[in-house]
Amino acid sequence: MAAAEEPARRHSSGTRGTGRRPADAESRRPAKKGPAWAMRTASEQLTELIGRPPESISALKPTNDGWEADVEVLELERVPDTTSVMATYRVTLDKEGDLVSYERTRRYTKGQIDRRG
């Protein structure tokens with residue numbers, strides 16, 4: 001019986017009966033401005049400004065005006081890898097996702113253990 005239903009699903013147009021959106025509807029849907037969106041947006045814009053891709057996002061929090069993220073970036077690659085120089089950048093986004101400010105708050109070697117707190 002499941003095999004008889006399969007052709008009907010493949011040939012159906014639109015979303016009726018499948019519970020899924022057509023692929024073109026996904027691209028027209030506005031992006032949800034949640035934590036994952038904020039992380040991607042902060043990473044992309046910081047990369048554009050400093051020319052280095054982020055290694056990770058170590059902190060993210062919503063603010064009254066948008067989002068604030070701490071982004072970890074490899075600044076200087078060395079051998080061995082544990083001596084490479086990393087930096088933490090604090091990135092501030094407004095509610096629309098536009099980068100308002102960024103600053104480097106910390107530099108450290110990749111193998112360094114954080115002794116704060």
Side-chain angles (χ1 to χ4, degrees):
M1 190 166 187
E5 292 174 15
E6 187 64 31
R9 269 191 271 163
R10 263 187 291 191
H11 297 293
S12 80
S13 61
T15 61
R16 191 173 60 210
T18 65
R20 289 182 276 161
R21 293 173 176 243
D24 60 329
E26 289 294 323
S27 63
R28 285 184 273 142
R29 183 177 60 158
K32 181 181 175 191
K33 295 185 180 181
W37 168 84
M39 288 175 70
R40 279 191 306 275
T41 304
S43 295
E44 290 168 1
Q45 292 184 64
L46 184 63
T47 298
E48 189 175 325
L49 289 170
I50 66 172
R52 297 183 183 280
E55 295 282 311
S56 65
I57 307 284
S58 58
L60 178 71
K61 67 178 180 177
T63 66
N64 291 335
D65 300 321
W67 293 90
E68 190 174 273
D70 287 347
V71 182
E72 307 301 321
V73 176
L74 176 64
E75 288 205 329
L76 181 60
E77 195 165 1
R78 291 184 174 160
V79 175
D81 187 47
T82 55
T83 63
S84 293
V85 178
M86 300 290 295
T88 302
Y89 286 85
R90 171 122 340 118
V91 176
T92 305
L93 304 175
D94 65 14
K95 290 180 182 178
E96 303 305 312
D98 294 322
L99 190 140
V100 175
S101 67
Y102 77 97
E103 67 176 309
R104 186 173 60 199
T105 59
R106 182 173 173 236
R107 286 186 94 194
Y108 58 98
T109 59
K110 200 170 194 176
Q112 183 178 344
I113 296 171
D114 197 355
R115 300 208 189 279
R116 293 185 282 172

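Bear in mind that the values here come from a model prediction, so they are computed numbers and not experimental data.
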For a quick test of your reading: what N or O donor-acceptor pairs under 3.5 Å do the side chains of residues 65-72 make, sequence neighbours left out?
residue : atom : partner : partner atom : Å
D70     : OD1  : R90     : NE           : 2.7
D70     : OD1  : R90     : NH2          : 3.3
D70     : OD2  : R90     : NH2          : 3.2
E72     : OE1  : T88     : OG1          : 2.7
E72     : OE1  : Y108    : OH           : 2.5
E72     : OE2  : S58     : OG           : 2.6
E72     : OE2  : T88     : OG1          : 3.2

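- With a 4.5 Å cut-off between side-chain heavy atoms of Ile, Leu, Val, Met, Phe, Trp and Tyr, the cluster of V85 takes in L76.
- Judged as a side-chain hydrogen bond (donor to acceptor under 3.5 Å, both in side chains), and not counting sequence neighbours, S43 has no contacts.
- For E75, the side-chain hydrogen bond (donor to acceptor under 3.5 Å, both in side chains) criterion is met by Y89, R104, R107, not counting sequence neighbours.
- Under the salt bridge (charged side-chain N to carboxylate O under 4.0 Å, His left out) criterion, R52 pairs with no residue at all, not counting sequence neighbours.
- Heavy atoms only, all atoms of each residue included: L60 and A38 are closest at CD1-CB, 4.1 Å.
- Both I50 and I57 belong to a single network of hydrophobic side chains, linked directly or stepwise wherever heavy atoms of I, L, V, M, F, W or Y lie under 4.5 Å apart.
- When every heavy atom of V73 is checked against every heavy atom of P53, the shortest pair comes out as CG1-O, 4.1 Å.
- With sequence neighbours excluded, the residues forming a side chain to side chain contact (heavy atoms under 4.5 Å, CB included) with T83 are R78, P80, listed by chain and number.
- Cluster note: V100 groups with no other residue, as no ILVMFWY side-chain heavy atom lies under 4.5 Å from it.
- At a threshold of 4.5 Å between non-hydrogen side-chain atoms, the residues T47 and P54 count as touching.
- Counting only distance, with no hydrogens or angles, the side chain of K95 and the backbone of K33 share no donor-acceptor pair below 3.5 Å.
- Remark: D81 engages K110 in a salt bridge (charged side-chain N to carboxylate O under 4.0 Å, His left out) (not counting sequence neighbours).
- Not counting sequence neighbours, T82 has no partner by the side-chain hydrogen bond (donor to acceptor under 3.5 Å, both in side chains) test.
- Under the rule for a salt bridge (charged side-chain N to carboxylate O under 4.0 Å, His left out), E77 has no partner lying at least two apart in sequence or in another chain.
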